[in-house]
Undergrad: 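My questions will all concern the structure given below.
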Amino acid sequence: MTTIPITKRGAEKLKEELHKLKTVERPSVINAIAEARAQGDLSENAEYDAAKDRQGFIEGRIQEIEGKLSAAQIIDPSAVDAGGRVVFGATVDLEDEDSGDAVTYQIVGEDEADLKLGLINISSPIARALIGKEEGDVAEVQAPGGIKRYEIVAVAYR
């Protein structure tokens with residue numbers, strides 16, 4: 001089984017979601033199913049069907065999270081020493097060579113990615129272009145509008 005890289009923060013978020021699903025959501029949907037059953041005829045009971053669908057979703061999500069956590073390779077970015085190279089968990093300050101715009105990204109796992117927060121997926125085109133590069137290097141990224149060039153201004157592990 002292959003391991004899935006995830007930051008310490010990302011693993012904690014998954015564990016919190018799993019705990020909520022098991023202790024709040026699962027018991028809630030079980031109660032909803034019991035209440036719907038008490039109403040009698042299940043063949044035309046929309047509440048019962050909705051509760052069963054919700055239960056299926058919750059159980060599927062629990063299995064998905066447990067699978068991801070069991071295959072996770074938890075990486076603490078602050079403990080990484082890659083000698084200034086861009087690696088998983090690194091926070092990278094970039095400057096767009098065309099526009100001069102500055103952006104900061106942290107390279108994280110698939111479940112943690114959120115572009116609005118500056119968290120990019122390790123398998124995204126920009127992350128793949130940055131991996132292995134150092135401060136001062138230029139990364140070329142194939143974007144929908146053509147090739148974009150970013151200069152790596154700084155690399156941090158936090």
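Predicted model, so just to flag it, every value in this text is computed and none were measured. FYI, side chains are in, hydrogens and waters are out, and symmetry mates aren't considered; it's all heavy atoms of this structure.
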Undergrad: Less than 4.5 Å apart, side chain to side chain, heavy atoms only: is that true for Ile152 and Val138?
TA: no
Undergrad: Going from CD on Gln73 to OG1 on Thr2, what distance comes out if it is rounded to the nearest 0.5 angstrom?
TA: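 Taking CD in Gln73 and OG1 in Thr2, the distance rounds to 11.0 Å.
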Undergrad: Val80 vs Ile75, test: side-chain contact (heavy atoms from CB on, under 4.5 Å). Steps then yes/no.
TA: CA-CA 8 Å; Val80 171; Ile75 298 170; 3.8 Å; yes
Undergrad: Consider only side-chain heavy atoms of I, L, V, M, F, W and Y, link residues closer than 4.5 Å, and tell whether Ile65 and Val29 are in one cluster.
TA: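 Yes, because Ile65 and Val29 connect within a single hydrophobic cluster, where side-chain heavy atoms sit under 4.5 Å apart.
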Undergrad: Rounded at 0.5 Å granularity, tell me how far CD1 in Ile120 sits from CG in Asp114.
TA: 12.0 Å
Undergrad: Side chains of Tyr105 and Asp93, heavy atoms from C-beta outward: is any pair under 4.5 Å?
TA: no
Undergrad: Using side-chain heavy atoms (C-beta onward) and a distance below 4.5 Å, is Phe88 in contact with Pro5?
TA: yes
Undergrad: Can you find a heavy atom in the side chain of Ser99 that is under 4.5 Å from one in the side chain of Asp96?
TA: yes
Undergrad: Name the residue from Leu94, Val87, Asp137 that meets the side-chain contact (heavy atoms from CB on, under 4.5 Å) definition with Leu130.
TA: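 Of the listed residues Leu94, Val87, Asp137, the side-chain contact (heavy atoms from CB on, under 4.5 Å) partner of Leu130 is Leu94.
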Undergrad: Measure from the side-chain N and O atoms of Glu112 to the backbone N and O of Gly109, and report whether any donor-acceptor pair falls under 3.5 Å.
TA: yes
Undergrad: Would a single hydrophobic cluster contain both Ile131 and Val155, if residues Ile, Leu, Val, Met, Phe, Trp and Tyr are joined by side-chain heavy-atom contacts under 4.5 Å?
TA: yes
Undergrad: Please determine whether side-chain contact (heavy atoms from CB on, under 4.5 Å) holds for the pair Glu66 and Leu18, giving the CA-CA distance in whole Å, both sets of side-chain angles, and the decisive distance to 0.1 Å.
TA: CA-CA 8 Å; Glu66 286 176 339; Leu18 182 61; 3.9 Å; yes
Undergrad: Should Leu117 and Ile126 be counted in the same cluster of Ile, Leu, Val, Met, Phe, Trp and Tyr side chains packed under 4.5 Å apart?
TA: no
Undergrad: Measure the shortest side-chain to side-chain distance between Ile122 and Val108 over non-hydrogen atoms and say whether it is less than 4.5 angstrom.
TA: no
Undergrad: Look at Arg61 together with Glu17 and state whether they make a salt bridge at an N to O cut-off of under 4.0 Å.
TA: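 Looking at Glu17 together with Arg61, the answer is yes, because their closest N to O distance falls below 4.0 Å.
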Undergrad: Side-chain contact, heavy-atom cut-off 4.5 Å: Glu95 with Val103?
TA: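 When only atoms from C-beta onward are counted, Val103 and Glu95 do not touch, as no gap falls below 4.5 Å.
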Undergrad: Compare every heavy atom of Val141 with every heavy atom of Ala129, then report the nearest pair and how far apart it is.
TA: CB-CG2, 3.8 Å
Undergrad: A side-chain contact here means heavy atoms from C-beta on lying under 4.5 Å apart; do Leu14 and Asp111 qualify?
TA: yes
Undergrad: Is a side-chain donor or acceptor of Tyr48 paired with a backbone partner of Ala34 at a separation under 3.5 angstrom?
TA: no
Undergrad: Salt bridge or not between Lys20 and Glu25? Use side-chain N to carboxylate O under 4.0 Å.
TA: yes
Undergrad: Looking only at heavy atoms, what is the nearest atom pair of Pro77 and Arg158, with distance?
TA: CB-O, 3.3 Å
Undergrad: Are Glu47 and Lys52 close enough for a salt bridge, meaning some N to O gap below 4.0 Å?
TA: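 Lys52 and Glu47: not salt-bridged.
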Undergrad: Flag the pair Glu64 and Lys68 as a salt bridge only when some basic side-chain nitrogen lies within less than 4.0 angstrom of an acidic carboxylate oxygen.
TA: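 Counted as a salt bridge, because a side-chain N and a carboxylate O are separated by less than 4.0 Å.
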Undergrad: Report the C-alpha distance between Lys22 and Glu59 in whole Å, list the side-chain angles of each, state the deciding distance to 0.1 Å, and finish with yes or no for salt bridge (charged side-chain N to carboxylate O under 4.0 Å, His left out).
TA: CA-CA 9 Å; Lys22 286 183 171 183; Glu59 294 302 325; over 6 Å; no
Undergrad: Could you go step by step and tell me if Val86 and Ile107 meet the side-chain contact (heavy atoms from CB on, under 4.5 Å) rule?
TA: CA-CA 9 Å; Val86 178; Ile107 300 173; 3.4 Å; yes
Undergrad: Any idea which heavy atoms bring Pro27 and Thr23 closest together, and the distance?
TA: CG-O, 3.4 Å
Undergrad: Would a distance-only check, ignoring hydrogens and angles, find a side-chain to backbone donor-acceptor pair under 3.5 Å from Gln106 to Gly118?
TA: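 No: the side chain of Gln106 does not pair with the backbone of Gly118.
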Undergrad: Is it true that atom CZ of Arg85 has more than 12 heavy atoms of other residues, nucleotides or ligands lying nearer than 6.0 Å?
TA: no
Undergrad: Nearest 0.5 angstrom please: Asp49 CG to Ile33 CD1, how far?
TA: 10.5 Å
Undergrad: Run Lys15 and Leu69 through side-chain contact (heavy atoms from CB on, under 4.5 Å) and show every step you take.
TA: CA-CA 8 Å; Lys15 288 176 186 175; Leu69 287 173; 3.9 Å; yes
Undergrad: Could you give the distance from CG (Asp101) to NZ (Lys148), rounded to the nearest 0.5 Å?
TA: 7.5 Å
Undergrad: Measure the spacing between CG of Leu115 and OG of Ser124 and express it to the nearest 0.5 Å.
TA: 8.5 Å
Undergrad: Ile74 versus Thr7: any side-chain heavy-atom pair under 4.5 Å?
TA: no
Undergrad: Might you work through the salt bridge (charged side-chain N to carboxylate O under 4.0 Å, His left out) test for Glu16 and Lys13, ending with a clear yes or no?
TA: CA-CA 5 Å; Glu16 287 171 18; Lys13 283 178 68 176; over 6 Å; no
Undergrad: Could you state the interatomic distance from CD (Glu97) to OH (Tyr150), rounded to the nearest 0.5 Å?
TA: 11.0 Å
Undergrad: Do the charged groups of Asp98 and Arg149 touch, with an N to O distance under 4.0 Å?
TA: no
